[in-house]
Amino acid sequence: MAEFRYKNPISVDTVKNIRDPFIIFENGKYYLTGSTPPYWDGKSNGVMLWSSDDLLHFKEEGFILKTSCAEPYDTFRDYC
């Protein structure tokens, strides 16, 4: 029986350490979102967006939700 081997095609340099990844396909393009570090103290920097034509090569588009724009006691203060 052949041994199964897999190498993640997405470079760590392209899509940094994220949590809660989600990918959608819209108008011929893939979009990836994910929460950015730090995670463990409850203060993520926000949610980033990347785009791709082939799910292998991603372009960082920037933050779609940024923590710094929320009021301190907002319900969604980590993702305003």
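Throughout, numbering of the chain's residues begins at 1 and tracks the sequence. The model shown is predicted, which means the values in this text are computed figures rather than measured ones. These values consider heavy atoms only, across backbone and side chains, with no hydrogens, waters or symmetry-generated copies.
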Spatial distance of atom CG (Leu49) from atom NZ (Lys59) [nearest 0.5 Å]: 10.0 Å
Taking every non-hydrogen atom, the tightest pair across Asp53 and Gly28: OD1-O, 4.4 Å
Those residues that, when tested against Asp54, pass side chain to side chain contact (heavy atoms under 4.5 Å, CB included) (two or more places apart): Ser52, Leu56, His57
With sequence neighbours excluded, residues passing side-chain hydrogen bond (donor to acceptor under 3.5 Å, both in side chains) with Thr33: none
Spatial distance of atom OG1 (Thr36) from atom CD1 (Ile18) [nearest 0.5 Å]: 9.5 Å
Atom pair CD1 (Ile64) and CE (Met48), whose distance is rounded to the nearest 0.5 Å: 9.5 Å
